[in-house]
Amino acid sequence: MSHERGIPWTLKYRPKTLIEVIDQEEAKSKVIEWLNKWPNVSKKALLLYGPPGCGKTSLVEAIANEYGYELIEMNASDFRRKTDIERIALRASTSHSLFGFNKKMILLDEIDGISAREDEGALEAIQELIEKSNAPIIMTANNPWNQNLRILRDLAEFVQLKKLTKTDMRSMLMRICKAEKIICNEDAINYIIERSEGDLRAAINDLQSVGEGFSEVTLERTKLLLRPRDKEKDPFETLRSIFSANYSWQAKAVINQSQLDYEQLKMWLEENIPLQYTNLEDLERAFEALSKADLYIGRIAKTGDWDLLSYAIDLMTAGIALSAKNSSKDKYRWIKYSFPQRILLASKLKEIRSIRDDIAQILAYHLHVSTSVAKNEIIPLLKTIFTTDPLKAAKIALGLGFTEKMIEYLAGTNKNTILEHYRELKKRVVSHHRSKPSKSIESNNEMYKESVGLNKNSKKEERNLFAFSKKK
Amino acid sequence: MSEKFIELLWAEKYRPRSLKDIVNQEEIVKRLLKFVEEKNMPHLLFAGPPGTGKTTAALALAYDLYGNEWRRYVLELNASDERGITVIRNKVKEFARSKLPGDTPFKIVILDEADNMTADAQQALRRIMEMYVETTRFILIANYPSKIIDPIQSRCASFRFTPLKKEDVIGRLHWICRQENIKCLDDGLEVIYEISGGDMRKAINILQSTAALGEVSVGNVYKVIGLAHPREIREILNLALLGKFIEARDKLRDLMVVYGLSGVDVVKQMHREIFSADIKIPEEIRVILAEYIGEIHFRIIEGADDEIQLTALLARIALLGRKVS
Amino acid sequence: MSEKFIELLWAEKYRPRSLKDIVNQEEIVKRLLKFVEEKNMPHLLFAGPPGTGKTTAALALAYDLYGNEWRRYVLELNASDERGITVIRNKVKEFARSKLPGDTPFKIVILDEADNMTADAQQALRRIMEMYVETTRFILIANYPSKIIDPIQSRCASFRFTPLKKEDVIGRLHWICRQENIKCLDDGLEVIYEISGGDMRKAINILQSTAALGEVSVGNVYKVIGLAHPREIREILNLALLGKFIEARDKLRDLMVVYGLSGVDVVKQMHREIFSADIKIPEEIRVILAEYIGEIHFRIIEGADDEIQLTALLARIALLGRKVS
Amino acid sequence: MSEKFIELLWAEKYRPRSLKDIVNQEEIVKRLLKFVEEKNMPHLLFAGPPGTGKTTAALALAYDLYGNEWRRYVLELNASDERGITVIRNKVKEFARSKLPGDTPFKIVILDEADNMTADAQQALRRIMEMYVETTRFILIANYPSKIIDPIQSRCASFRFTPLKKEDVIGRLHWICRQENIKCLDDGLEVIYEISGGDMRKAINILQSTAALGEVSVGNVYKVIGLAHPREIREILNLALLGKFIEARDKLRDLMVVYGLSGVDVVKQMHREIFSADIKIPEEIRVILAEYIGEIHFRIIEGADDEIQLTALLARIALLGRKVS
Amino acid sequence: MSEKFIELLWAEKYRPRSLKDIVNQEEIVKRLLKFVEEKNMPHLLFAGPPGTGKTTAALALAYDLYGNEWRRYVLELNASDERGITVIRNKVKEFARSKLPGDTPFKIVILDEADNMTADAQQALRRIMEMYVETTRFILIANYPSKIIDPIQSRCASFRFTPLKKEDVIGRLHWICRQENIKCLDDGLEVIYEISGGDMRKAINILQSTAALGEVSVGNVYKVIGLAHPREIREILNLALLGKFIEARDKLRDLMVVYGLSGVDVVKQMHREIFSADIKIPEEIRVILAEYIGEIHFRIIEGADDEIQLTALLARIALLGRKVS
């Protein structure tokens, strides 16, 4: 490597040893402790999470360096398909090493950057890797709530790295200034630290921007070159700005600075309009605006023309801001906004709807009607049987091959009684069949499954005699 | 044997298997029996109100043509469930390819609710019907014959199913009660007939639900109907009319989650509710409400989000309620 | 479809074979006969309302040009059937390649419903017409000439088909009844004429279906076309106007069930009835109603729920009625 | 034989061959002549309303660059041809490969209706333009430059074609009539100009079609384009405004049948007439009418029934008329 | 692209080659020049509105670092290039990894419009930036820096490019006009500046197109970009709001003809103008107007006639204006 060649300061001042890793004492000791115990640990993998620039990867590299591990790294720049991950596993398990290390460690960096499309099957492969690996696995991620991580929660120990403190950042920046022989204005350093919000790497980059090649870092240049980062408004600020806007342009401007996209904004407004506007006329006006906005969003889907979005946004922002005509004081009330319930309820609703759909399919098959007739006409009547006559309900459930989930849906509070009957009856049917095999309801239900195309991959589902499972 | 442990829905259990078991629609049955005899038939179009036996006749025809194995030679499709004409085309293609029954020179495709298809889809359907006519006959079932395009109508033999007579429906219900050993009162059956609007399937379903309560009396029938149409919708309307918007909305959400209802389901139920005798609102308000509901339903059809639209509807009702009181 | 089967449709059976058999549109027939004489013709554009004999004239022209074998030299396409211009292009290409008839120097492509093609497709069509002009002439058939793009219009000889006169249609129906030995009543035929709106093919189709029920009476005609008897629609309107909203609605529901009326059917019939002399409505109400029916009709077309929209309509009528009385 | 039989389209026959023959758009012609002189040019974007001479200019430019053999060096891609981006890519690839003309260092691809391409296709097009720029220049033709993506706009020299003046269009029509020895009346030509909306090509097409009927009179023009005579539309409007709703409606029905007018035709003609000086409507009524016509027009576009909707329109007019008088 | 050809487009012809030629963004240029001196720099993120010189600065930096041969050491990926996750993992990684020529400090990857890259692709980029930082530096260019994921922002020194000052843009345009010997009027240049929103490249493109029409005047500028002057749109809106419906309509028609505006163009411009401070209306009226405009826009998208619908829009506005005043 040529020595004349300049390298960016973030690389130049990257920690090589554990001591050089700033802050994060708690994380450090947790990682070391876990590593020392390995493989006698409750969870065979570790997940380091924290905001960008707090030193996750550096920490792992420093530990590997200090404890003599060969680091086998895989990150978002690598393909991470199933086969790629299996290759890593293979590399980790080979006993020798070219570099004379005797220990290996796997670093799966940027786990939240796994692409759903390009890295299909990666998560399953990682799960398997964790179960089988004979080398410790450390993963990193920014956002612990990332969807990719959901299935890893049971398999990995989550360790948090915190944002760096201002004091620690200051001492690091000062150290660099000294090393680079730059006279440094304290206010300028403070400005950089404020701006970086605990991201050391960003701060070092900023320092290089204003410092390298100049002998002095002045506040003036710092301010000129480094403008305050523009931050997007969080949902709460977004709502507040919309409701309190007096002019349409004010309200309209909000959407450009918000973390919420138009779909999310729609749901946040739906939830919070009634909290902000108490006057019924204002409330109605606001909802009418939202309803019309929503109509335009529907029309975008219908026509495929995104030009219409701007009208939806007008109505969602200006339309709602200007709805408070009767009680204009409402606009400025401080309200504790709440998270949209429907997002929370969405998965529940989806589940319940799919159960209802499944019941409807069974009924449609048996009664030769459409699923919508089954839903609107027959299910309600069936529900009455389930709430009034548990034994009969259990018999019908058995006759139609309902699952327990379906029974729960139809029975409501009656479900335990019906389920008892149901299980009892089922046992008796089975024993009855053993003694006297004959084709009866099963063949009936067999035929049903065939008709909806279930038999092709129904090996697993056969476990339950009358099992029924969803299409797809 | 397993009769002891399991039970079927009566609408299935007591569906006539063969054309000979069908007691109404004599004219139609006579003509259909001809087809069975000749082992030949054109495409058929069965039109008429719900529950008059159209599907039953189609299935019985198939049974009489093919015997116990009939399901093998019949493809049942419901236009309102199949996603688009392409799906239908593929299914028919697949089906037409399969082996023909021994002595009958064709198989049957039963397409229920054919009038729910768009004109374009029907044009495509017509082409499919022509393409496979050598090996396959279609029975199209429709409530509204006027929604079936001319070119299809003129290629089908049409059958008009007329509403069942009161005595036919009640007679059948009586008979089922005897089979099931259920005590029934005459006025109970009569109420069932009225509520079902002459729809046999609906009547039998109500009968079975009522029987779960014990005897088939007027009181029990109404109880069943009451249970089947949850009071919640009415409560939501009343809360909204009292201006209790947030409460109404919360209740609406609960309802949707518990029952898994879609927005359109709720809108339709609300519509039914405001015209029921049980809700006390001045006539004019009823009319205004009906128009609101029409408007909201229309927006949902246009592609808007049903929950937002329902909430907006509640807001309107709340405002309306205040003006009234 | 097999010839034998087609013959069963009277509209086909009684279609004139030769230009000489066509009784209306004398001017047009005269001009077309010239082409037959000269054994030459430009591309043609036949425009006019449905059922005025456009297709008949095109086929008769072909018959007169080629004689009994005419089907060999004619390619019939329906623009709204064939999916897209590419299909048309390929079919025409294939057809143009085949052998020419002995003494006539061209073959004929008949393109029905050409006005249903998009402007882009018509542009492509124009190019196809040019490409094969040596061996092939096009007869384009359209209801609305204004929907045919200029460059095509200026390349075609245009023929304007005018609506048939009432006596022509009824005369023809009478004649068919005699041929088929069917009993027909005068007011029955008149209703058929009205419903057909002067469309001969439609009129003959209705006649045939009605004949299947027995005699051609007003009642049977309405039964066949799946519409309510106008009297009943008027009753509903009158109930609503008297403010008896619930009764009107219940009756409407029954009617829809019994006749299998769709929402659009009802709206159209109501539209017809409010202008009938048999209903007593003040002129201004009539006008307001006409407007409101337009609104409701549009919503149903857009996919709104029949029941919700019709109820809204009745509710509105009831309010109007109240104001008047 | 075909030459004799298919007369040339006048729009083609009288198209200027060289840039020097183009009489309008002087500034643009001047610029283009520079390119011919220098034998070099960037990609070009010609934008402007239909019939303002964009394609003519592109072809004339090619003619002036390459002389009589120009067709060899020009690839014309029309919107109505198969034109997925892959097709374009392949055709251009093929074309770019062929020999270059002697002294001009590039060939030309003319891409009509470029604004009809999706943004994605335009992105791909841009890449193609860059790839073959050494040997090939593109002339993109568009009606609406705002629909061309920025990256293309910034890679093209763009030229804006402005609408032709009335006297230019009419002058040209006059001249053609003399060439073709056609009798034309001044008001006939004026009506053609109005209908064409300044689109020269359209105007010439209408002229040719009208000439086929004999002299170019107002009546013949309207007959050719399949519209009613404005006088008759005004009559209907006046009847409605006088409250003679039923009469207006009957007359409208007749008109539609006689001229074969579609609902959209009628709406458009009414729209034109309510703004004509020949009809006396108070200003405020005009406003309300204009709004309602927009609504009715949209409904018909969406597939609503012509008759019901037009009746609704007449009803509204009648109501308005009543209020005024 | 061939150099000679590029010269024909002024935006390329007059693009600064070296950092020293850049006249705006002084602080940033000064900073970049120091990086060139030091032959070291961190990864850079250039953020700011279009046309503020971001790409120019990146290319000039490369030019200053490597001289004429700069293209060898630079990988440029534009929005029109494929830049999905796979390309990043293959092509970009390959380039970053490849060996460095002895005397060069580092290679550069320029990613234009990086904010349009998918989050996945950005994720794939972040570690590459670290692993090969010794040999390769990235310059990311973005209009909206907030769309760059945090981990990447954290790895870059970011520079904010601000819109060019009016005098800078106009000065440059003036200079180009002198170079090209074009007659320009001051208000013409001012309008170009306004439309360009400080985007130099766009301004130069408009200048060149306008020059093709003759002198650079306000009228010609608007003609070229195919938009009406906002003032004129506002005039129409104001006329309509004052109830001068006919005047508004006539003016709109003229405007559409002169500028060749499509219905959608007009609707979009109106939508923009109703929120301008130059239109004096109560705030809530603005929202109502937006809704009207949205409705009309929707209809036009659905295929309704521009003129009828725009007239309907003006009518609505006029009616609203009447109510308000």
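Sequence lines set the chain letters: A, B, ... in the order given, protein chains first and strands last, and positions in each chain run from 1.
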Problem set entry | More than 12 heavy atoms from other groups under 6.0 Å of CD on B/Glu167 | yes

For this session: Please check if atom CD in B/Glu27 has more than 12 non-hydrogen atoms from other residues, nucleotides or ligands closer than 6.0 Å.
Result: no

Exercise. Given that the side chain runs from C-beta out, which part of C/Arg249 has a heavy atom under 4.5 Å from chain B: side chain, backbone, both or neither?
Worked result: side chain

Exercise. Would you say the side chain of B/Val267 lies within less than 4.5 Å of the side chain of C/Ile308, judging by non-hydrogen atoms?
Worked result: yes

Exercise. Applying a criterion of heavy atom separation less than 4.5 Å, what residues of residues 295-307 of chain C form contacts with chain B?
Worked result: C/Phe298, C/Arg299, C/Glu302, C/Gly303, C/Ala304, C/Asp305, C/Asp306, C/Glu307

Problem set entry | Region of B/Pro163 that comes under 4.5 Å of a non-hydrogen atom in chain C | side chain

Exercise. Does NZ in C/Lys251 sit with more than 12 non-hydrogen atoms of other residues, nucleotides or ligands closer than 6.0 Å?
Worked result: yes

Exercise. Should the heavy atoms of other residues, nucleotides or ligands under 6.0 Å from CD of B/Glu134 be counted, would the total exceed 12?
Worked result: no

Exercise. Can you tell which of C/Leu314, C/Leu261, C/Leu313 has the highest number of heavy-atom pairs within less than 4.5 Å of chain B?
Worked result: C/Leu261

Exercise. Who wins among B/Ser158, B/Ser146, B/Ala290 for the most heavy-atom pairs under 4.5 Å with chain C?
Worked result: B/Ser146

For this session: Verify the neighbour count for atom NZ of B/Lys39: are there more than 12 heavy atoms of other residues, nucleotides or ligands below 6.0 Å?
Result: yes

For this session: Give the minimum heavy-atom separation between B/Lys147 and C/Ser262, together with the two atoms involved.
Result: CE-CB, 3.3 Å

